[in-house]
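Accompanying notes for the structure given below.
Sequence lines set the chain letters: A, B, ... in the order given, protein chains first and strands last, and positions in each chain run from 1.
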Amino acid sequence: MAITVAFYGLTMEKIAEQVGNDVNYLTGTVKLSLHTSTYVPNRDTDAFFAAATNELAAGTGYTALGETLTAKTITYDTVSDQVRWDAADVTWLFTASKTWQRGVMWIDTAGAAAVDPLYGLLDWDVSQTVSTTYTLQWDAAGILFIDTT
Amino acid sequence: MPIFRVRLKDPSGEARIAAVSADSQDEANAIVEEQEAGHVAFVLDDVAVQDFEKKLKEGTLSGRDKARLFSHRQSKSYKVESVKGADS
């Protein structure tokens with residue numbers, strides 16, 4: 001099952017411009033939330049978590065606002081000339097059926113959803129329905145990357 | 001949480017320079033070593049290897065597949081050369 005992962009464009013612009021600390025992946029509280037296919041993302045215009053609609057309902061193993069990423073790293077790899085974002089795999093202990101298609105990585109600033117930056121978008125291509133434990137194992141290439149060549 | 005800078009190297013001279021969010025130097029070390037184990041364990045099938053190698057030569061390989069190909073080629077973990085606090 002292929003999962004497409006990409007940066008939200010407006011946040012990447014902020015990262016490149018080094019504007020503010022609220023887009024700091026390593027020091028910020030980065031969460032991963034799950035959303036149904038009804039959330040139709042626009043990486044060119046969606047900037048804050050308030051734009052990421054149709055999050056799964058809390059309960060039966062899903063926590064509102066998603067799981068916090070741990071063991072976060074940003075690594076420059078000289079052989080591939082890539083900078084890679086990575087973290088520990090994420091596990092949900094679902095006890096009832098859950099259906100989602102999109103994942104949203106975002107930074108919880110502890111402020112309003114209207115100021116919490118969106119970071120990365122995961123798309124499973126088709127809806128996933130799971131009713132037991134689900135582990136999202138990140139690619140060997142990391143979660144997100146920039147090729148410097 | 002503090003940020004540690006970990007430099008890893010392999011005998012060919014290639015390196016990885018990682019910024020790691022961790023509670024301690026030991027934890028930062030453990031995180032990068034686990035990632036290295038992931039690279040070593042990652043294996044592509046023969047069809048994918050041939051396809052990726054061909055596209056790499058042609059300059060048409062995607063960035064993600066390039067990363068996968070280099071992980072596939074990696075047979076040993078890079079060794080940690082140094083671990084430093086971000087401000088040191």
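Tyr78(B) approaches Val79(A) most closely through the heavy-atom pair OH-CG1, 4.0 Å. Heavy-atom minimum distance, Asp139(A) versus Arg64(B): CB-NH1, 3.6 Å. Nearest heavy atoms, Gln82(A) versus Ala67(B): OE1-CB, 3.2 Å.
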Run the side-chain contact (heavy atoms from CB on, under 4.5 Å) check on Thr149(A) and Lys66(B) step by step: do they pass?
CA-CA 12 Å; Thr149(A) 57; Lys66(B) 181 170 135 185; 4.0 Å; yes
Test side-chain contact (heavy atoms from CB on, under 4.5 Å) on Met1(B) and Leu26(A) and set out the steps.
CA-CA 8 Å; Met1(B) 190 173 282; Leu26(A) 292 174; over 6 Å; no
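Cluster annotation: Leu136(A) is not connected to Val104(A) through the hydrophobic network of ILVMFWY side chains, with a link wherever side-chain heavy atoms come within less than 4.5 Å. Following chains of ILVMFWY side-chain contacts shorter than 4.5 Å, one can reach Trp92(A) starting from Val30(A), so the two form part of one hydrophobic cluster. By the criterion of side-chain heavy atoms lying less than 4.5 angstrom apart, applied directly or through intervening Ile, Leu, Val, Met, Phe, Trp or Tyr residues, Val23(A) is not grouped with Leu121(A); the two fall into different hydrophobic clusters. Trp100(A) and Tyr39(A) are assigned to two separate hydrophobic clusters, defined by single-linkage of ILVMFWY side chains at heavy-atom distances under 4.5 Å. Leu144(A) and Trp138(A) fall within a single hydrophobic cluster, where Ile, Leu, Val, Met, Phe, Trp and Tyr are joined by side-chain heavy atoms under 4.5 Å apart, directly or via other members.
Ranked by heavy-atom pairs shorter than 4.5 Å toward chain B, the options Ile146(A), Asp86(A), Val5(A), Thr73(A) are led by Thr73(A). Per-residue counts of heavy-atom pairs under 4.5 Å with chain A were compared for Val32(B), Ile17(B), Asp10(B); the largest is that of Ile17(B). Ranked by heavy-atom pairs under 4.5 Å with chain A, the first of Gln74(B), His39(B), Gln35(B) is Gln35(B).
Looking at Ala15(B), the atoms closer than 4.5 Å to chain A (heavy atoms on both sides) sit in the backbone and in the side chain alike. Only the side chain of Ile31(B) has a heavy atom closer than 4.5 Å to any heavy atom of chain A. Contact of Leu69(A) with chain B is not made at all, since no heavy-atom distance falls under 4.5 Å.
One distance of note links OG of Ser71(B) with CG of Asp77(A); it measures 7.5 Å at 0.5 Å rounding. Here the OG-CZ distance, from Ser80(A) to Arg68(B), works out to 13.0 Å after rounding to the nearest 0.5 Å.
Counting only heavy atoms from C-beta outward, the side chains of Thr78(A) and Lys9(B) never approach each other to under 4.5 Å.
More than 12 non-hydrogen atoms from other residues, nucleotides or ligands lie less than 6.0 angstrom from CD of Glu53(B). Within 6.0 Å of atom CD in Gln137(A), 12 or fewer heavy atoms from other residues, nucleotides or ligands are found, so the atom counts as exposed in its surroundings. Within a 6.0 Å radius of CG in Asp45(B), more than 12 heavy atoms belonging to other residues, nucleotides or ligands are found. Other residues, nucleotides and ligands contribute more than 12 heavy atoms inside 6.0 Å of the CD atom of Glu58(B).
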